[in-house]
Every structure is written in C-alpha cells, then in structure tokens.
Amino acid sequence: MCGIVGYIGQRHATDICLAGLRRLEYRGYDSAGIVTADGGRLDLRKVVGKLDRLAQALDQRPLAGSLGIGHTRWATHGKPSEANAHPHLSCNGRIAVVHNGIIENYQELRRQLEAAGHTFRSQTDTEVMAHLVEQHYTGDLREAVRRAVRELQGAFAFGVVCADSPGELIAVRRFSPLVVGLGNGENYIASDMGAIRAETDRVYVIGDDELCRITRDRVEISDLELRPVRHDVYVIPWPADAAEKGGHKKFMHKEIHEQPAAMRACLAGRLRSADKPVTFENIGLTPDAIRGIGKIVFTACGTAYHAGVVGRFLMEKLARIPAEVDIAAELRHRDPVVPPGTLCIVVSQSGETADTLEALRAMKRKGAKVLGVINVVDSTVARESDGVAYIQAGPEIGVASTKAYTLQILTIALLALHFAEVRGTASPEELRAIKESLLAAPAHAEELLRREDAVVAIARKHFKKTTALYLARGVNLASAMEGALKMKEISYIHAEAYSAGEMKHGPIALVCPDMFVVAIAPQGPTHDEMVGNMMEIKARSGPVVAVAFDGDAKIPQTGVDPAADPRDVAAQPNDMIWVPPTHELVSPVTIAIPLQLLAYHVAELRGEHIDQPRNLAKTVTVK
Ligand code: F6R
C-alpha cells in the first residue's frame, strides 16, 4: 500500500521521481524518500510526513544524479518514522530498494541475515531485501535481485539501484502492481501509469515473477529463470493532464465533477438508445453461459461493496438471478456454498485490493466463474478474472472514491440489462424505462452539479456536528451506506447508515437536535414508508436533510404554504436536496452526487485534508 517510482536517463532523477510520487501520494502519505546514484555513491533523503516535507528537504539539500528511485509510504510494518521510510539501504550503503507490498517471511529472513552479520536500521519488512541483495551481489545486480526474490514470500514490486552499477535500474514484481514507462534515452518504473503519464504514454505492464533490467536505452524483461518475456507496448488512452487537478482545489472535487463525462464514456458503445439491446465485449460470457447462471455473488470492499449492494437488486429484479453481496474480507471466512453455475462479480476500482483478490481466488477455487467490474486496466483482478467489464472512469486519485462508484453502478446496471435481455426475464417496458434513466444519467449529473450551491448551504448548517444518520430503504440503502462512508472518511463526523425500517429497533434513540439525519426518499416502492420515517425523526426534534425527486408533493415542503397547519410545518424536513426524477432502481447513480458534495463541503468547512484523509490509503494492498 505504498507507491514506488524510478527513473534512468539524462535528466535530474529527483525531479521526475518527486513529480511521480506526487501522483502516487494517494497510495500512502505517512513518509517518503528518494535515493539517487551519483559519482559512484548513493545519496538519500527521507522524511516523515507528506511529500511537501520531502520537497523542502530536497530544496535544502538537493540530490544530483540521473538514476533514482522514490517511495511514498503507508505504514504496515513499523510506525511512520524516518528510519522506517523507504528507500532502504544495505549495510554498506551501496544498494537501495523501494518496495510496495508485504514480505511475509521477513522475520525469519531477518534472523538469518542478522546471524550472517547484517545490521538492520528499521522495523520494516522491506529492509531484508536490501540486505539480501547485498548478500547475493557479486557484480551483477539483476542476478543478485533474482536470487534474493527467490527467497521471498509475499507480495512485492521492487525498484533496486546499486552505486556500483549506475547504468541500470532493476525492478521485479509479484502480486503488487508495476509498470515500466518507455521514453527516448530514458525509462521509468512506477506503481501505476498515472505516476508517469506526464512523461510518457507508452508502458509495459509487468506480470508476476517478472524481472526487468532497465537502462537509458533498453528494457529487458525476463521470468525468474531469465527466459525473455515479450510484452506489447500499452498506450495509455487518457491525456497527460487527466491526473492533474485541472483548476479544482481537490482531486475529489474534480472527480465529482468529471462524472457526467465519465458516465457518457461508460455508456458509449454499450447502450446507444432505449430501443437497442445492451452490448458488451470481453466479458467472457456467451449467451448460453449467461442463461446458465444459477447464482451471482458480488464481492468487494468499501465503496465498491456498496456498488455491489445496488448490483444485487438489479440482478435479482431484472435478470431474475438469485444474488448475494458479501464484503470481500468476510467472504472467504464463511466457506460459502458455491453451486455449479455461480458467477462471482468482483467490483474494484484499483483491481489490487488484497481482500478482494483473496475473495476472488477463494471463489475461483470453489468453481465460480469470475467477472471483474474494474477501473484500472490490466490490474491483478482484471488478469485473474475470466472476463472484465471496465468501468472506464479514467484515473481516480482522490482517496475517497466518487466517480468510480457511480460508474460501477452504471456498469453493473448495463450488465443486469444485458443478462435480462439474453434470459428474457424483464418486460420491454421495464427494460426501456431503465435504459432511458441510464441514458439520462449524465444530464441529471450535470444538473446536480449545477445545484452544488444548495448543498454548500446545507453543509454550512451542519458542519460542526459530530454525528449523522443516513436512512433509506430498498436499493437506496446503498446510497445511505455510501453517503455515510464519504462523510466519515473525509470529515471525520461519525456517520451511520441504517435501513429506515431498523430505526425503531434501536438507533432512533440517537436522534436529537445536535445531530442530523439524511433521509433518502426517491419515489418508488419505498417512498411512502420513508416519508413516514422522516416524520418520526422530526417528531423527535431530529434535523432532517431529505433527498427527494423534484416536485415530490408528498414531502411537506418548507416555505411553500405560510398558512399551513403547524403540524405540517413541524413535519417539514429542515433541508431539501432535490434530484431529477429517474427510475428508482438506478437512482443510486445520481443520488450519490449530492451526497458526495455534502461530505466534500462539510470536510472543506472543517478544514480537513480531503484528498488524503488520515489513516487511509487509496489502494489497500494488505489484508
Ligand atoms: C472509500 C474508498 C474505499 C474503496 C475500497 C475498495 O471512498 O475508496 O472504500 O472503495 O478500499 O477499493 P477498490 O475499489 O480499489 O478495490
């Protein structure tokens, strides 16, 4: 759960590494460091804290050299400290490594290395690699890395440099992501393409147990037996500035605002009009296979799990396939029954989340077919799935997921429509109504973004509170869960999501004027019950922020009738978030947007680090 970057060429390695680390900071930001090779020695700077501190340290004591590796860390083994920050050096200070992943057998290796006379300076698992490479080094760095890697268990992407071999950068991968970027007379490594997109659009996506020897002019890739491996060059399809803030104060804000365009890209080529069938490429399922699906299990973590909660509704309602949704970290522990014909839909923005991968592998072992709903192309989930439906969100940098969530739901909705069409399980009217709503989603999203100021006004009223409840029923329970997650992760307000039906069984005890309740009540089968639940909150002096479709006359409306019965006035929500009407089943796509904005503006008013919330990292590659 860290980011690595490396450069070899003719320019200052520090500039390229620091710029790359800035784009990787979403992967971790508790400490950072860069090492360069120059004049026959390695020179190192590392700091605790965010990259600005590393930049200051480099301003005060610049690093020279055109070969360098850098790292931004999210602590797993050993607290955030200068000693535990990467790069880590060997005893003689002539070999340096950066690492993303976890070395599972590091304690055993450390004991052996200490017995052989090596002195450790940190508590990290990574440092064993620096000493192991030193142990094996006899003049050929790649060979030393190859031998070292054979002793490691766990997950890793390493960048390795050596003062005695200043013309090469060695990189190796097992389970943690790694790309090699291709330049002219210069080359790069990085944990993801976004880190080096400003430098090049041509990359090799490195596979597991592949070893790279990278010089200014050459990239040699082999397996761990040194047999050459050929990769096609992958041309990054998004522009260089896609990973920049583009005038927005925060990546999260930019990504919320990117949703209309991203939705259009996700729909393009799959759903052209409400009269035409949905089409998908490469999902690895023939019409016969779709007809043969007997059960669907969604699995994912966090926000992606919430998209799965929506997916369960869509698959059951439209494709009439029994569906479950399980948190990836839990799925494998409960030994699920996986009958023949089970399809596991794995949802993940990064495609690298450790728990999600474990769940995928467990379901595969039990015989399920796996379909990945993924953003990052060629990620590990994508590689290990039988088929992939890419959500096509482009890079998502803000730690709190926004556009990936709405596009995950959109993609799953398209899959549910496709399955329903192949299986003949939904009426033409229902299919058409849902398609019309999906086709309208980008315009609805634009409209909701135009209404941002109304959300800012609500945020101003509540930003000093410490507790919030998010209530909904049916498919929008996912919206409540996602809205509450966004609120707590970036504003640190304790926010809980509940089925409104559960309120009376306990949580209603929390209701008081000092908190606020977001009640999500779009028109549909659950609407009247939701309106009733809202009134119950109001009757207990709970401030209500209601989310409803434009023109909903059943919600007692603030200020519409000054002569209204005082009982009606008391029942009025304190604040309204109006949303363009859409089919209830796919309404979570658009309802997400004002809830993302509410969390964003509350966090901004509280002065929090929105793009880098405390204790979090974008991609959780540890279990
Ligand atoms: C919350 C958030 C996380 C991720 C979760 C899964 O805003 O971003 O909850 O959704 O860590 O990540 P992916 O989708 O990369 O598997």
Side-chain angles (χ1 to χ4, degrees), residues 1 3 24 26-28 74 100 175-177 191-192 194 250-253 255-256 259 298-311 325-331 344-361 370 372-385 388-391 393-409 411-412 470 478-479 481-492 495 497 592-593 595-600 603 608-623:
M1 192 125 100
L24 288 174
Y26 72 88
R27 299 177 69 88
W74 188 84
N100 170 35
F175 302 144
S176 298
S191 293
D192 76 29
K250 303 284 175 206
F251 279 115
M252 183 179 175
H253 196 255
E255 288 158 7
I256 292 172
Q259 289 176 104
F298 286 92
T299 191
C301 299
T303 289
Y305 167 76
H306 300 155
V309 172
V310 180
V325 54
D326 227 323
I327 291 170
E330 295 296 328
L331 179 61
C344 178
I345 302 189
V346 174
V347 190
S348 175
Q349 189 284 127
S350 62
E352 303 294 346
T353 302
D355 283 317
T356 307
L357 274 163
E358 287 293 321
L360 181 160
R361 290 170 189 151
V370 174
V373 174
I374 312 293
N375 190 31
V376 177
V377 175
D378 237 343
S379 53
T380 310
V381 172
R383 285 157 175 256
E384 295 193 15
S385 297
V388 180
Y390 283 114
I391 65 168
E396 190 181 67
I397 312 279
V399 167
S401 186
T402 51
K403 62 177 178 171
Y405 174 64
T406 48
L407 295 203
Q408 282 159 356
I409 303 175
T411 307
I412 293 168
Y470 282 65
S479 306
M481 293 158 87
E482 178 58 8
L485 177 62
K486 290 291 91 95
M487 185 59 79
K488 64 189 145 200
E489 73 181 320
I490 59 168
S491 76
Y492 316 144
I593 293 173
L595 300 183
Q596 294 164 350
L597 288 171
L598 183 63
Y600 177 87
E608 305 299 355
H609 286 284
I610 292 176
D611 280 339
Q612 294 164 352
R614 69 184 177 214
N615 305 335
L616 287 176
K618 178 91 184 141
T619 307
V620 185
T621 54
V622 290
K623 284 185 259 176

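Ligands are counted one by one from 1 in listed order, and the atoms in each one are counted from 1 as well.
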Below 4.0 angstrom from a heavy atom of [X], which ligand 1 atoms are there? Numbered from 1 as shown, please.
| X | value |
| --- | --- |
| Lys486 | 1 (C), 7 (O) |
| Gly302 | 9 (O) |
| Glu489 | 1 (C), 7 (O) |
| Ala304 | 10 (O), 14 (O) |

I need the nearest protein heavy-atom contact for [atom]: residue, atom name and distance, please.
| atom | answer |
| --- | --- |
| atom 12 (O) of ligand 1 | Thr353 OG1, 3.4 Å |
| atom 5 (C) of ligand 1 | Cys301 O, 3.6 Å |
| atom 11 (O) of ligand 1 | Val620 CG2, 4.1 Å |
| atom 2 (C) of ligand 1 | Thr303 OG1, 3.7 Å |
| atom 15 (O) of ligand 1 | Ser350 OG, 2.6 Å |

Atom of [X], atom of [Y] and distance for their closest heavy-atom approach:
| X | Y | value |
| --- | --- | --- |
| Tyr405 | Ala592 | CE2-CB, 3.7 Å |
| Tyr492 | Pro613 | OH-CA, 3.4 Å |
| Asn100 | Ser191 | ND2-OG, 4.4 Å |

Quiz item: How about Lys486 and Ser401: do any of their side-chain heavy atoms sit closer than 4.5 Å?
Solution: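 When only atoms from C-beta onward are counted, Ser401 and Lys486 do touch, with a gap below 4.5 Å.
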
Quiz item: Has ligand 1 got any nitrogen or oxygen that is less than 3.5 angstrom from a nitrogen or oxygen of Gln349?
Solution: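 Among all N and O atoms of Gln349, at least one is under 3.5 Å from an N or O of ligand 1.
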
Quiz item: What about Ser348: any of its N or O atoms under 3.5 Å from an N or O on ligand 1?
Solution: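 N/O-N/O distance under 3.5 Å: yes.
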
Quiz item: Does ligand 1 have an atom under 4.0 Å from some heavy atom of Val399?
Solution: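 Yes; Val399 lies near enough to ligand 1 that a heavy-atom distance drops under 4.0 Å.
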
Practice problem: Look only at the side chain of Ser379 and the backbone of Glu352, and say whether a donor-acceptor pair between them is shorter than 3.5 Å. | Solution: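 It does not hold such a pair.
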
Quiz item: Between the side chains of Ser491 and Glu608, is a donor N or O closer than 3.5 angstrom to an acceptor N or O?
Solution: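 Side chains of Ser491 and Glu608: no pair found under 3.5 Å.
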
Quiz item: Any side-chain donor-acceptor pair under 3.5 Å between Gln596 and Thr402?
Solution: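 Distance-only check fails for Gln596 and Thr402.
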
Practice problem: Examine the proximity of ligand 1 to Glu352 and report which part, side chain or backbone, both or neither, has a heavy atom under 4.0 Å away. | Solution: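 It is neither part, as no heavy atom is under 4.0 Å.
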
Quiz item: Given the rule in the salt bridge (charged side-chain N to carboxylate O under 4.0 Å, His left out) test, do Arg361 and Glu384 qualify, once you have shown the distances and angles that lead to the verdict?
Solution: CA-CA 8 Å; Arg361 290 170 189 151; Glu384 295 193 15; 2.8 Å; yes

Practice problem: Classify the ring geometry between His253 and Tyr600 as parallel (under 30°), tilted (30 to 60°) or perpendicular (over 60°). | Solution: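 Aromatic pair His253/Tyr600 classed tilted.
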
